[in-house]
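Notes for the one structure printed next.
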Amino acid sequence: MIAIPGEKLGVIEAFEPRGDFIIKDGNIYATRLSEVKIDKKQKIIEIKPLRKGFVSVGDIVVGRVDYIQRPFAFVTIV
């Protein structure tokens, strides 16, 4: 499974997260474009970034909108 930044992956009560994530209000969110592996038997969510570097809230980026499919836009960041 591929997760986008900010995507909810689960709740902390149900899974032990590993990798790049944040926890807000008991929910586990991806911080980067990541590959996610969920092991339901061992109750583990493993989050591995697909690329080095990432964009944070408040960053200013230059990009080109390639495609829009509501509610998402696919953007190439220069």
Side-chain angles (χ1 to χ4, degrees):
M1 170 176 137
I2 302 294
I4 60 173
E7 184 173 345
K8 182 180 172 183
L9 303 173
V11 293
I12 195 68
E13 292 86 8
F15 293 99
E16 177 186 338
R18 295 185 181 165
D20 269 339
F21 63 92
I22 59 169
I23 297 174
K24 185 175 181 182
D25 298 326
N27 296 313
I28 304 165
Y29 296 94
T31 58
R32 303 180 189 191
L33 185 62
S34 306
E35 179 181 357
V36 178
K37 294 181 182 177
I38 299 174
D39 186 336
K40 292 183 180 182
K41 287 184 180 181
Q42 294 186 6
K43 308 287 186 194
I44 295 172
I45 295 179
E46 189 172 346
I47 305 146
K48 293 183 180 178
L50 291 177
R51 298 180 184 192
K52 294 181 180 179
F54 62 97
V55 178
S56 297
V57 174
D59 287 352
I60 297 173
V61 299
V62 176
R64 178 186 70 236
V65 177
D66 296 318
Y67 180 73
I68 297 175
Q69 182 176 4
R70 294 189 189 264
F72 300 104
F74 297 87
V75 179
T76 300
I77 298 174
V78 179

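As a basis for the values below, the full set of heavy atoms in this structure was taken, side chains included, without hydrogen atoms, waters or symmetry mates. Keep in mind that this is a model prediction, so the values were computed, not measured.
Among residue pairs with one or both ends in residues 37-47, those qualifying as side-chain hydrogen bond (donor to acceptor under 3.5 Å, both in side chains) are Glu46-Lys48; sequence neighbours excluded.
Pro17 and Ile23 make their closest contact through CG-CD1, 4.4 Å (heavy atoms, listed as atom of the first residue, atom of the second, distance). Closest approach of Ile38 and Phe15 over heavy atoms only: CG2-CE2, 3.7 Å. A pairwise comparison of heavy atoms in Ala3 and Leu9 identifies CB-CD2, 3.8 Å as the closest pair.
Under a hydrophobic-cluster definition in which Ile, Leu, Val, Met, Phe, Trp and Tyr are linked whenever side-chain heavy atoms come within less than 4.5 Å, directly or via other members, Met1 and Phe21 are assigned to the same cluster. Residues Ile47 and Ile12 are members of one and the same hydrophobic cluster, defined by side-chain heavy-atom contacts under 4.5 angstrom among Ile, Leu, Val, Met, Phe, Trp and Tyr.
Taken from CG in Asp66 to CZ in Phe74, the straight-line distance is 10.0 Å, to the nearest 0.5 Å. Rounded to the nearest 0.5 Å, atoms CG (Asn27) and CD (Glu7) are 12.5 Å apart. A distance of 4.0 Å separates CG in Asp20 from OG1 in Thr31, rounded to the nearest 0.5 Å. Considering CG of Leu50 and CD1 of Ile4, their distance stands at 12.5 Å, rounded to 0.5 Å.
For the pair Ile28/Val11, no side-chain contact is recorded, criterion being any heavy-atom separation below 4.5 Å from C-beta on.
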